[in-house]
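Notes follow once the structure below has been shown.
Heavy-atom basis, side chains included; hydrogens, waters and symmetry copies ignored. Letters A, B, ... are given to chains in the order of the sequence lines, protein chains preceding strands, and every chain is numbered from 1.
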There are 2 protein chains.
Amino acid sequence: MAKKLAKSAISQKRVLDAAAKIFRDFGYAGTTMRAIADEADLKAGSIYYHYKSKDELIGAVLDIGVNAVTQRVTEALAALPPEATGRQRVEVAIAAHLSAIIEVGDYTLATRRVAGQVPEAISARNTRLRDSYGAMWQQIMNDAQQRGEFKTTASLTLSRLFILGALNWTVEWYKPGGRSVEQIARDFASFVLDGLSGGAAPLPVEFSEAATEPHDNPRPRIRSA
Amino acid sequence: MAKKLAKSAISQKRVLDAAAKIFRDFGYAGTTMRAIADEADLKAGSIYYHYKSKDELIGAVLDIGVNAVTQRVTEALAALPPEATGRQRVEVAIAAHLSAIIEVGDYTLATRRVAGQVPEAISARNTRLRDSYGAMWQQIMNDAQQRGEFKTTASLTLSRLFILGALNWTVEWYKPGGRSVEQIARDFASFVLDGLSGGAAPLPVEFSEAATEPHDNPRPRIRSA
DNA sequence: GTCTATAGGGAGATAGAC
DNA sequence: GTCTATCTCCCTATAGAC
């Protein structure tokens, strides 16, 4: 059911979306209320009707990014039968995570790019959300190893950090016109589960290697000081 | 014999190190010349004797980060015998990349954290350095696949993006007191080469082709939805 | 809810003394 | 080489009209 939003809520979301986009391109300090206002078709002073400070805005943007991913992955995992293998869980979690971060890409990118620049008080709550999401992954992997499904000699904690690091980095090079999210998810799962040396038969068809290169994201135009 | 630096060069390096640290913590726009000056025990105006603008400074920081890694990895690969396997090349490249980014951690972190916030004109040159480093990895992987060493069905271009994304992310969670760089490198290599399900130990195999798989896992299907 | 106007504080960069 | 002093610009946030 399509919820009807109050006029205030509509503006609020417009401001939020604009903020994510501007934070994404200019970082925390580089983002000005004026730039957000322009993007949201407002005047700078009007933003303060919806959010009482720049810090409150970035806090909201950060939480949306993590929560969207957590929710999507949780749902996808819950939809699996109880007897699902660790391999299947990892495949499903990767696909859900990827599709979520690409869908709320501005928020994900904003989150990544302001990381470490946001005042401690603001980022503390967000860090907790992020840690609890990491714990979910950790459990999937630990369970699979205990059942003898995963035979890797590598630390699962490190493996989790590798996986989430690489996954979140995808938004930096993903380009809508290139490979599909589904294809990326499949390749990523294959990579994570079987590595470079493992793998099945010679591959079906490899698309042009140049199809997806990094550094394709909208570049900010920043005035040089 | 330790090179003797001119007084000017010493100050310049002090400014550069300070800049990397401040850019790391505050991002591009959040970094002020005054903060860099404080860190370098100077006054803000004095920085302009060494660098003529904030943009020139960030440009220098960015390039140092990439060049340090490129140089270290290039040297490590060059030290390998010509008959080295793709697996060995990947192991060596991972170890060299990791130790380099941890050693120049401030520069690496600064680079990551100002990514996408730096004026286009400044980042263009750095992007070229970064791409040429990526091409080096690509070649190692392509060669190994052509020799039949890598049997993954995943795109090698995507795999390369995953690997470098995860590798560079390590600086975000690495803590000097924790696991050693060597241990992280070993686990990372095992993860990259054999995945979670594989169990290949970091065997000190000689250059004779290890034709037999180190484990007898059922090999992966294309996809198991 | 959104506007205009502005207070009050820093920012990058330059000039010239030492 | 490094300092102090300062110019000019633009930022966040508030006040009050509509």
Query raised in the report: Side-chain donor or acceptor of R34(B) under 3.5 Å from a matching atom on the base of dG12(C)?
Result: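 Indeed, a donor on one side and an acceptor on the other fall under 3.5 Å apart.
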Query raised in the report: Closest nucleotide of DNA chain D for S53(A) versus for A44(B): which of these residues is on the 5' side?
Result: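 Comparing both residues, the 5'-ward one is A44(B).
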**Report entry** A9(B) vs T31(A), nearer the 5' end of DNA chain D by closest nucleotide
**Finding:**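 Between the two, 5'-proximity favours A9(B).
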Out of [options], which has the shortest distance to the side chain of [X]?
X	options	value
S46(B)	dT2(D), dT2(C), dG12(C)	dT2(D)
S11(B)	dC11(D), dG1(D), dC3(D)	dG1(D)
S8(A)	dT2(D), dT2(C), dG1(C)	dG1(C)

Atom [atom1] of [X] to atom [atom2] of [N]: distance rounded to whole Å?
X	N	atom1	atom2	value
I58(B)	dG12(C)	CD1	C1'	15 Å
D41(B)	dG1(D)	CG	P	18 Å
Y51(A)	dT12(D)	OH	P	17 Å
M33(B)	dC7(D)	CE	C1'	17 Å
I22(B)	dG12(C)	CD1	C1'	16 Å
Q12(A)	dT2(C)	CD	C1'	15 Å
Y28(A)	dA11(C)	OH	P	14 Å
K13(A)	dG1(C)	NZ	P	18 Å

Report task. Could you check if a side-chain atom of F188(B) sits within less than 4.5 angstrom of a side-chain atom of I163(B), using non-hydrogen atoms only? Result ->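 Contact flag for F188(B)/I163(B) side chains = yes.
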Query raised in the report: Which is true for K43(B) with a 4.0 Å heavy-atom rule: it touches a base, it touches only sugar-phosphate, or it touches nothing?
Result: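 It contacts base atoms.
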Query - R14(B)/D41(B) ion pair, N-O < 4.0 Å - result: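 Looking at D41(B) together with R14(B), the answer is no, because their closest N to O distance does not fall below 4.0 Å.
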Requested in this report: Measure from NZ or CZ of R112(B) to the centre of the six-membered ring of W169(A), then state whether that distance is under 6.0 Å and the direction lies within 45° of the axis.
Outcome: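 Judged by the rule (NZ or CZ under 6.0 Å from the ring centre, within 45° of its axis), R112(B) counts as positioned above W169(A).
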Query raised in the report: Between Y28(A) and K54(A), is there a cation-pi geometry (under 6.0 Å to ring centre, at most 45° from the normal)?
Result: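 Yes - K54(A) lies over the ring of Y28(A), closer than 6.0 Å to its centre and within 45° of its axis.
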Query raised in the report: Counting just side-chain N and O atoms, does Y49(B) come under 4.0 Å of either OP1 or OP2 of dT2(D)?
Result: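 So the side-chain polar atoms of Y49(B) never come under 4.0 Å of the phosphate oxygens OP1 or OP2 of dT2(D).
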Query raised in the report: Distance check: side-chain N/O of Y48(B) vs OP1/OP2 of dA13(C), anything under 4.0 Å?
Result: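 Yes.
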Query raised in the report: Within a radius of less than 6.0 Å around CD of Q138(A), do more than 12 heavy atoms belonging to other residues, nucleotides or ligands occur?
Result: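 Count over threshold, so yes.
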